[in-house]
Amino acid sequence: AQKVTQAQTEISVVEKEDVTLDCVYETRDTTYYLFWYKQPPSGELVFLIRRNSFDEQNEISGRYSWNFQKSTSSFNFTITASQVVDSAVYFCALSDNEAGNMLTFGGGTRLMVKP
Amino acid sequence: ETGVTQTPRHLVMGMTNKKSLKCEQHLGHNAMYWYKQSAKKPLELMFVYNFKEQTENNSVPSRFSPECPNSSHLFLHLHTLQPEDSALYLCAGGGEGTEAFFGQGTRLTVV
């Protein structure tokens with residue numbers, strides 16, 4: 001069975017601070033896909049990144065970066081120089097399908113960035 | 001126009017009522033999904049439809065009845081719900097080679 005754990009339920013930072021959201025996963029599949037989604041107050045889930053199990057290269061996209069460590073089954077997300085607009089709930093998810101048809105989600109981390 | 005549109009955005013219904021949630025995707029994808037987001041549980045997959053055929057039912061009670069008349073529309077028919085069914089119901093569209101795109105959800109309250 002697949003499982004995703006986001007141990008941090010809530011994080012509060014001051015604007016311009018860096019913040020890392022942790023994600024630990026469990027799966028028996030050798031091929032799998034990891035995702036991060038952002039859920040702003042409006043409710044929809046906004047796709048941020050997809051990473052497959054064979055690609056352990058870290059990725060950077062603007063202020064966002066992701067650290068995939070297969071050895072520790074972790075896929076952590078860092079926001080550099082956080083902004084108030086980053087305030088949202090962030091979900092890490094796992095799928096055995098590249099399309100993410102059937103996502104197993106973590107419990108989410110609520111990030112509050114204060115001015 | 002967003003990729004996935006859900007209506008209504010908010011719904012309050014009694015336990016004896018029958019109502020339906022609607023989802024429409026404008027992405028041209030072949031798969032559609034219903035997810036449930038409760039206050040105290042992680043997001044859960046409920047149903048998956050591929051090319052209008054249901055390919056996944058994640059042990060969802062029969063008081064939730066999905067319908068997918070075509071690849072662009074997905075419904076969730078609700079009847080005799082319980083207060084614990086109150087949640088945010090999210091629809092998503094997707095398919096091979098692409099991630100799932102979510103709608104804004106319907107906030108359901110069962111009284």
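So you know, we letter chains A, B, ... as the sequences are listed, proteins then strands, and number each from 1.
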Other residues, nucleotides, ligands: >12 heavy atoms within 6.0 Å of R63(A) CZ: yes

Residues, nucleotides or ligands: over 12 heavy atoms within 6.0 Å of M15(B) CE: no

Heavy-atom neighbours of K38(A) NZ exceed 12 at 6.0 Å: yes

Separation of E99(B) CD from Y37(A) OH (nearest 0.5 Å): 6.0 Å

Contacting moiety of R107(B), where chain A heavy atoms sit under 4.5 Å: neither

Contact origin within Q37(B) toward chain A - heavy atom pairs under 4.5 Å: side chain

Options A31(B), C91(B), G105(B), G103(B), ranked by heavy-atom pairs under 4.5 Å with chain A, top entry: G103(B)

Largest heavy-atom contact set with chain B, pairs under 4.5 Å, which of P40(A), S42(A), G107(A): S42(A)

Heavy atoms of other groups near K18(B) NZ, more than 12 under 6.0 Å: no

Atom CD of Q82(B) with >12 non-hydrogen neighbours under 6.0 angstrom: yes

L90(B) vs Q39(A) side-chain heavy atoms within contact, under 4.5 Å: yes

Y35(B) side chain vs L103(A) backbone, donor-acceptor pair below 3.5 Å: yes

Transitive ILVMFWY side-chain link Y33(A) to V4(A), under 4.5 Å: no

E44(A) side, atom CD; L88(B) side, atom CG - distance, nearest 0.5 Å: 10.5 Å

